[in-house]
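Below: the structure, in structure tokens.
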Protein chains: 2
Amino acid sequence: MDCDCSIIGSINIISGKWKPVIIWMLLSGPRRFGELHKGIQGIALKVLSRHLKELEADGIINRKVYAEVPPRVEYTLTEKGMSLNDVMQLLVEWDKKYKVTK
Amino acid sequence: MDCDCSIIGSINIISGKWKPVIIWMLLSGPRRFGELHKGIQGIALKVLSRHLKELEADGIINRKVYAEVPPRVEYTLTEKGMSLNDVMQLLVEWDKKYKVTK
DNA sequence: CCGGATCCTAGATGATACTG
DNA sequence: CAGTATCATCTAGGATCCGG
């Protein structure tokens, strides 16, 4: 293929059962690991952990560790991650328009 | 969850290794089963078949069967499917901007 | 030519217990 | 608190054979 690959690349990044939700939550501000876990109903710790690592590797989010007791880790969106806002908004609008989500 | 679900719904529809490519191909006009199979390098027949059924079930594409010999089946986008054009374009632009696809 | 039916594999997801 | 380790499960994806 040729023209199609550009779509696959971007889709892959937000593909994953929970990645869009993670991004969505971070769009409204920094979140700690525990907050994400609590906010995303039903996600397994392991999955959240791996998704966060993948998103970090893709340059979508930043991971900031505070050397405190108790430990604290905050996740924020990078500029690249922020730019996904448009895409997310469009998807939400599209969903509303066509009542995809029941 | 609540606000997040709207994203999951729309993501799920275009989630799948080849669905974006299928939609992308159909955006430029109707395609026959064989054309899609030939155009999408490396996809298995079964996968293409299932993806098409799912997309049809989701109301994204139409399946038109011609009672001819040899058999002919054409797939076209529904209005709902067409409306994904904006999303796809945005994804492509986003990819270009951030060089996601190598 | 267009797929449906089957079987198979790998990776994604989930639940629980354990560590720095 | 923020994960990792481990085990079980689930599902998408792929290959092949067969029928309309």
Side-chain angles (χ1 to χ4, degrees), chain A residues 1 4-5 7-9 11-26 29-58 60-77, chain B residues 1 4-5 7-26 29-58 60-76:
Chain A
M1 278 148 309
D4 318 313
C5 293
I7 293 190
I8 295 187
I11 283 281
N12 278 344
I13 289 186
I14 54 180
S15 236
K17 194 167 174 183
W18 308 101
K19 282 187 191 173
V21 188
I22 295 174
I23 297 173
W24 184 260
M25 284 191 70
L26 290 180
R31 291 283 186 279
R32 300 177 58 173
F33 187 88
E35 289 180 304
L36 290 171
H37 183 219
K38 217 176 44 181
I40 305 177
Q41 271 276 357
I43 191 173
L45 279 179
K46 175 187 172 183
V47 178
L48 175 57
S49 171
R50 200 188 51 216
H51 278 181
L52 287 172
K53 266 192 281 189
E54 288 173 4
L55 288 172
E56 191 190 358
D58 287 332
I60 305 296
I61 64 175
N62 281 317
R63 185 173 181 270
K64 205 186 307 183
V65 183
Y66 295 85
E68 303 175 353
V69 178
R72 195 166 66 130
V73 180
E74 268 188 4
Y75 292 92
T76 55
L77 288 177
Chain B
M1 272 145 312
D4 317 316
C5 292
I7 294 190
I8 296 187
S10 37
I11 284 282
N12 277 346
I13 289 186
I14 53 179
S15 236
K17 194 167 174 184
W18 308 102
K19 282 188 190 172
V21 188
I22 295 175
I23 296 173
W24 185 261
M25 284 192 69
L26 290 179
R31 290 283 185 280
R32 299 177 57 173
F33 187 87
E35 288 180 306
L36 290 171
H37 183 219
K38 218 176 43 178
I40 305 176
Q41 271 278 356
I43 191 174
L45 280 179
K46 175 191 171 181
V47 178
L48 175 57
S49 170
R50 200 184 50 214
H51 278 181
L52 287 171
K53 267 193 283 187
E54 287 173 3
L55 289 172
E56 191 188 358
D58 287 332
I60 305 295
I61 63 175
N62 282 316
R63 184 172 182 271
K64 205 187 304 184
V65 183
Y66 295 84
E68 305 175 352
V69 178
R72 194 166 64 130
V73 181
E74 266 188 6
Y75 293 92
T76 55

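Chain letters run A, B, ... following the sequence lines, proteins first and then strands; every chain starts at 1.
Rounded to whole Å, the distance from NZ on K64(A) to C1' on dA2(D) is 17 Å. Rounded to whole Å, atom C1' of dC2(C) lies 9 Å from atom CZ of R32(B). The CG-P distance, from L36(A) to dA2(D), rounds to 9 Å in whole Å. Rounded to whole Å, atom P of dC1(C) lies 18 Å from atom CZ of R31(B). For the pair H37(A) NE2 and dG14(C) P, the interatomic distance rounds to 11 Å; values are reported in whole Å. Look at CZ on F33(A): it is 17 Å from P on dG20(C), rounded to the nearest Å. Atoms CG (L52(B)) and P (dC1(C)) sit 17 Å apart, rounded to a whole Å. When the P atom of dA12(C) is taken as reference, atom NZ of K19(A) falls 9 Å away, rounded to whole Å.
Distances shorter than 4.0 Å separate none of the side-chain N or O atoms of R72(B) from OP1 or OP2 on dC2(C). OP1 or OP2 of dT4(D) has at least one side-chain nitrogen or oxygen of S49(A) nearer than 4.0 Å. Within the structure, every side-chain polar atom (N or O) of H51(B) is placed at least 4.0 Å from both OP1 and OP2 of dA12(D).
Under the 4.5 Å side-chain criterion, counting only non-hydrogen atoms from C-beta, L26(A) is in contact with Y75(A). At least one side-chain heavy atom of L77(A) sits under 4.5 Å from a side-chain heavy atom of I60(A).
Where P71(A) and E54(A) each meet DNA chain C at their nearest nucleotide, the meeting point lying more 5' is that of E54(A).
When heavy atoms are screened at a 4.0 angstrom cut-off, K53(B) is found touching the sugar-phosphate backbone but no base atom. Using a 4.0 Å heavy-atom cutoff across all strands shown, Y66(B) reaches no nucleic acid atom at all.
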Using side-chain contact (heavy atoms from CB on, under 4.5 Å), reason through L48(A) and I22(A) one step at a time and then give a plain yes or no. CA-CA 9 Å; L48(A) 175 57; I22(A) 295 174; 3.9 Å; yes
Using side-chain contact (heavy atoms from CB on, under 4.5 Å), reason through H37(B) and L45(B) one step at a time and then give a plain yes or no. CA-CA 7 Å; H37(B) 183 219; L45(B) 280 179; 3.6 Å; yes
Verdict with supporting geometry, L52(A) and W18(A), side-chain contact (heavy atoms from CB on, under 4.5 Å): CA-CA 10 Å; L52(A) 287 172; W18(A) 308 101; over 6 Å; no
Go through V73(A) and R63(A) one step at a time and tell me if the side-chain contact (heavy atoms from CB on, under 4.5 Å) criterion holds. CA-CA 7 Å; V73(A) 180; R63(A) 185 173 181 270; 3.9 Å; yes
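In the set dG3(D), dC2(C), dC1(D), dC1(D) carries the atom at the smallest distance from any side-chain atom of P70(A).
Contacts of E35(B) classified as salt bridge (charged side-chain N to carboxylate O under 4.0 Å, His left out), with partners at least two apart in sequence or in another chain: none.
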For nucleotides 14-16 of chain D, tabulate all protein N/O to nucleotide N/O atom pairs closer than 3.5 Å, reporting atom names and distance.
| unit_1 | atom_1 | unit_2 | atom_2 | d |
| --- | --- | --- | --- | --- |
| dG14(D) | OP1 | K17(B) | NZ | 3.0 |
| dG14(D) | OP2 | W18(B) | NE1 | 3.1 |
| dG14(D) | O6 | K46(B) | NZ | 2.1 |

